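Quick note: residue numbers are just sequence positions, from 1. On a predicted model such as this, the values are computed, not experimentally measured, just so you know.
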Amino acid sequence: MQTGRTPPRPGREGAGPVAAVAFSASSVQAGAAFGATLFPLIGPFGVTGMRQLVSAVALLAIARPPLLRLGLRRLLPAVLLGVVLVGMNFTLYSAVQRIGLGLGVTVEFLGPLGVALLGARGGGARAAAARAGCGALALIGVVLITDPLTGARVDVIGLAFGAAAAILWAAYILLSERAGALPGVTGTAVAGLTGTVLTLPVLVLLLLAVPREALPHVLLIGAITGVLSSALPYSIDLIVLRRMPRSLFGMLQSLHPVAAAVFGLVVLHQLLGPVQVGGIAAVCAANVLAVLVARRAR
């Protein structure tokens with residue numbers, strides 16, 4: 001009962017979802033950094049499979065979704081979300097393996113930026129020019145993260161994996177809204193179950209090939225990765241998207257490249273040059289500006 005109490009201020013009421021998105025971004029990238037340490041043992045696909053398995057076990061135990069009662073039609077967005085998550089995680093980890101966590105996530109971040117730009121409507125010629133400017137700024141940022149001034153060789157395959165992850169991240173945002181219509185964290189649980197069905201056979205083969213003395217370490221880090229990178233943040237995202245406009249959610253995703261650069265340095269000891277840091281900042285700024293332009297146009 002709220003009778004007789006002063007209603008919360010709008011700013012404070014909105015602080016909770018914003019803080020939740022910030023925590024979600026940090027959790028995802030911390031888990032990704034720990035998962036990357038397993039590449040020499042089970043590769044990107046193995047880490048993807050571990051994430052899906054841990055997510056499914058944890059969330060199904062919590063949600064216990066009444067799958068038969070909900071029906072396939074209502075569950076379909078969550079099933080598609082699971083397919084997208086497998087592709088997104090695998091392509092991102094493949095990019096991270098080749099170009100590092102901070103740069104891989106920054107390229108992947110073009111997905112939310114594309115959602116913000118393509119979702120904007122109206123505002124006339126000035127708003128259209130501003131959106132084009134945001135796209136150009138993001139493109140400049142991507143060029144800078146390849147550090148062209150040093151003459152270093154560009155890993156085209158790594159960038160291509162990052163671009164594929166970007167497309168799938170955009171699909172994740174759109175599908176999360178639809179899967180969020182399911183009660184509680186049912187959408188995430190079903191997505192995790194779908195991903196596990198797709199990855200488990202290969203994961204078992206990869207784990208069987210791991211040296212026996214290294215297997216406990218792989219299982220422990222895999223469990224930590226699954227909780228931090230999948231079960232916890234994806235559940236938060238589904239809940240937050242019920243209370244937060246998609247545009248604001250997309251803007252706050254700017255925290256992901258920053259968190260990835262931090263955890264890439266702390267956990268993986270991946271150093272970025274000043275030009276590459278500038279590229280990350282340019283991509284993040286482009287996303288924030290794109291959302292602000294869209295809001296003003298509306």
Side-chain angles (χ1 to χ4, degrees), residues 24 26-67 70 75-97 101 104-105 108 161 164-165 168-169 171-172 175-176 179 182 184-239 263 267:
S24 173
S26 299
S27 179
V28 167
Q29 303 312 329
F34 283 116
T37 64
L38 299 179
F39 287 166
L41 293 169
I42 57 176
F45 193 88
V47 177
T48 299
M50 289 292 294
R51 283 180 60 167
Q52 296 301 321
L53 177 60
V54 172
S55 174
V57 171
L59 293 172
L60 287 172
I62 295 172
R64 298 181 181 179
L67 301 181
L70 289 172
L75 293 175
L76 184 58
V79 172
L80 294 176
L81 183 64
V83 176
V84 167
L85 285 177
V86 170
M88 183 178 75
N89 291 333
F90 173 67
T91 52
L92 172 63
Y93 275 131
S94 298
V96 170
Q97 188 179 40
L101 182 61
V105 171
E108 183 197 31
F161 275 124
L168 292 167
W169 194 357
Y172 161 73
L175 285 171
S176 289
L182 295 170
V185 294
T186 297
T188 310
V190 173
L193 176 60
T194 303
T196 299
V197 171
L198 294 174
T199 58
L200 187 58
V202 177
L203 175 61
V204 170
L205 294 177
L206 291 172
L207 291 177
L208 289 174
V210 173
R212 184 174 298 180
E213 63 275 11
L215 187 58
H217 171 76
V218 170
L219 295 177
L220 175 61
I221 299 300
I224 293 173
T225 299
V227 171
L228 291 180
S229 289
S230 293
L232 183 60
Y234 292 155
S235 297
I236 292 174
D237 288 351
L238 281 178
I239 295 172
F263 286 107
V267 178

Rounded distance [0.5 Å steps], [atom1] in [X] versus [atom2] in [Y]:
| X | Y | atom1 | atom2 | result |
| --- | --- | --- | --- | --- |
| L193 | L198 | CG | CG | 9.5 Å |
| F161 | F90 | CZ | CZ | 5.5 Å |
| T48 | L92 | OG1 | CG | 8.5 Å |
| S24 | L228 | OG | CG | 11.0 Å |
| Q29 | F263 | CD | CZ | 8.5 Å |
| L168 | E108 | CG | CD | 8.5 Å |

On a heavy-atom basis, which atom in [X] and which in [Y] lie closest, and how many Å separate them?
| X | Y | answer |
| --- | --- | --- |
| G104 | A95 | CA-CB, 4.5 Å |
| L203 | G46 | CD1-O, 3.5 Å |
| Y93 | S229 | OH-OG, 4.5 Å |
| G87 | T91 | O-OG1, 2.7 Å |

Return the set of residues passing ring pair (Phe, Tyr, Trp, His ring centres under 6.0 Å) with F34 (not counting sequence neighbours), or none when no residue passes. none
Which atom pairs, donor and acceptor, lie under 3.5 Å between side-chain atoms of residues 76-85 and protein residues at least two apart or in another chain?
none

Could you check whether any side-chain heavy atom of V96 comes within less than 4.5 Å of a side-chain heavy atom of F39, counting everything from C-beta outward? yes
Is the backbone of N89 close enough, under 3.5 Å, to the side chain of R51 for a donor and an acceptor to pair up by distance? no
Is there a donor-acceptor contact under 3.5 Å from the side chain of T199 to the main chain of G195? yes
Contacts table for residues 204-227: side-chain donor-acceptor under 3.5 angstrom, sequence neighbours left out:
from, atom 1, to, atom 2, distance (Å)
T225, OG1, G35, N, 3.3
T225, OG1, I221, O, 2.8

